[in-house]
Amino acid sequence: GINIPRRTIAELTAASWAMMMAVNLTSAFHLTQAIIPIFRRQQDGLLIHITSGAAKRADRSGIAYQATKAGVSSLAHGVMEEEKENGIRVTVIYPGLTETPLVYQRPTPPTPELLAKALQPEDVAAACLFVMGLPTRAYVPELVVYPSRL
């Protein structure tokens, strides 16, 4: 996913809105649609969508970012409902602040003190591995992972 520095309602343009939708939401749709036939043939598959804690709780990440991440969540839950009879499971992981290159696109970059408290990419990877390690009889619809000290 991506975000942009000029993210407030007053700063967004139709072009920046469309770009955010294309990268964060439409790409998730295309990737999901591409894998579903393979999972159907297998009668098994786990699709994990990484969204953002901003999809759960509004913050200053920008309305386009929040809308796209909430859209990915809706896409995932809808696919799960449609495909569960085909053995397909879909999980949405909502990480909070994570130290990735994306946070440096903020209008005001995070301070080193704030980043010291942030999740690390390996924390999100561990959440994915947890979900992937469950037997196929179990499914986690959503997993919210926030930094413990923010």
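Because the structure is a prediction, the values reported are computed rather than measured.
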Criterion side chain to side chain contact (heavy atoms under 4.5 Å, CB included) on N86 and Q43, from CA distance to verdict:
CA-CA 5 Å; N86 293 314; Q43 284 293 292; 3.8 Å; yes
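- Under the 4.5 Å side-chain criterion, counting only non-hydrogen atoms from C-beta, R7 is in contact with R106.
- The structure places OG of S73 at 6.0 Å from NZ of K56, a figure rounded to the nearest 0.5 Å.
- Looking only at side-chain heavy atoms (C-beta outward), I93 and I48 come within less than 4.5 Å of each other.
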Apply side chain to side chain contact (heavy atoms under 4.5 Å, CB included) to residues L115 and Y104 and explain how you reach the verdict.
CA-CA 10 Å; L115 288 177; Y104 296 102; 3.1 Å; yes
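- For the pair N24 (side chain) and I2 (backbone), a donor-acceptor distance under 3.5 Å is present.
- Shown here is E85, whose CD atom has no more than 12 heavy atoms of other residues, nucleotides or ligands within 6.0 Å.
- Heavy-atom minimum distance, T51 versus A55: OG1-CB, 4.4 Å.
- A chain of hydrophobic side-chain contacts below 4.5 Å, direct or via other Ile, Leu, Val, Met, Phe, Trp or Tyr residues, connects V145 to I50.
- One N or O on the side chain of Q42 and one on the backbone of D44 form a donor-acceptor pair closer than 3.5 Å.
- The two residues G96 and Y146 come nearest to each other via the heavy atoms CA-CD2, 3.5 Å.
- Here Q33 contributes atom CD and L75 contributes atom CG; the two are 9.5 Å apart, rounded to the nearest 0.5 Å.
- In this structure, CG on L31 lies 11.0 Å from CD1 on I36, to the nearest 0.5 angstrom.
- Taking each heavy atom of R6 and L12 in turn, the nearest pair found is O-CD2, 4.0 Å.
- Within the 3.5 Å criterion, the main-chain N or O of V140 finds a donor-acceptor partner in the side chain of T91.
- To the nearest 0.5 angstrom, Q66 atom CD is 10.0 Å from R60 atom CZ.
- The cluster map of Ile, Leu, Val, Met, Phe, Trp and Tyr, joined by side-chain heavy atoms under 4.5 Å apart, puts M19 and Y65 in the same cluster.
- When the side chains of ILVMFWY residues are joined at heavy-atom separations under 4.5 Å, either directly or via intervening members, L25 and I4 end up in a single hydrophobic cluster.
- A donor-acceptor pair under 3.5 Å links the side-chain atoms of N3 to the main chain of S61, judged by distance alone.
- Between E142 and H77, the shortest heavy-atom distance links the atoms OE2-NE2, 2.8 Å.
- Taking the side chain as every heavy atom from C-beta outward, L114 and L150 approach each other to under 4.5 Å.
- Residue M20 is grouped with residue I9 when hydrophobic side chains (ILVMFWY) are merged at heavy-atom distances under 4.5 angstrom, including chains of intermediate members.
- The shortest heavy-atom contact between A67 and M21 is CB-CE, 4.0 Å.
- Residues I63 and V23 share a hydrophobic cluster, clusters being chains of Ile/Leu/Val/Met/Phe/Trp/Tyr side chains in contact below 4.5 Å.
- Nearest approach of P121 to T100, heavy atoms of both residues: CG-CG2, 4.2 Å.
- Separating the CG atom in L97 from the CG atom in L119 is a distance of 7.0 Å, to the nearest 0.5 Å.
- Distance check, rounded to the nearest 0.5 Å: CG of L102 to OG of S52 gives 8.5 Å.
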Run the numbers on M80 and Y139 for side chain to side chain contact (heavy atoms under 4.5 Å, CB included), then give the verdict.
CA-CA 10 Å; M80 177 64 193; Y139 119 88; 3.5 Å; yes
Test side chain to side chain contact (heavy atoms under 4.5 Å, CB included) on V90 and E83; report intermediate values, then the result.
CA-CA 9 Å; V90 186; E83 297 294 337; over 6 Å; no
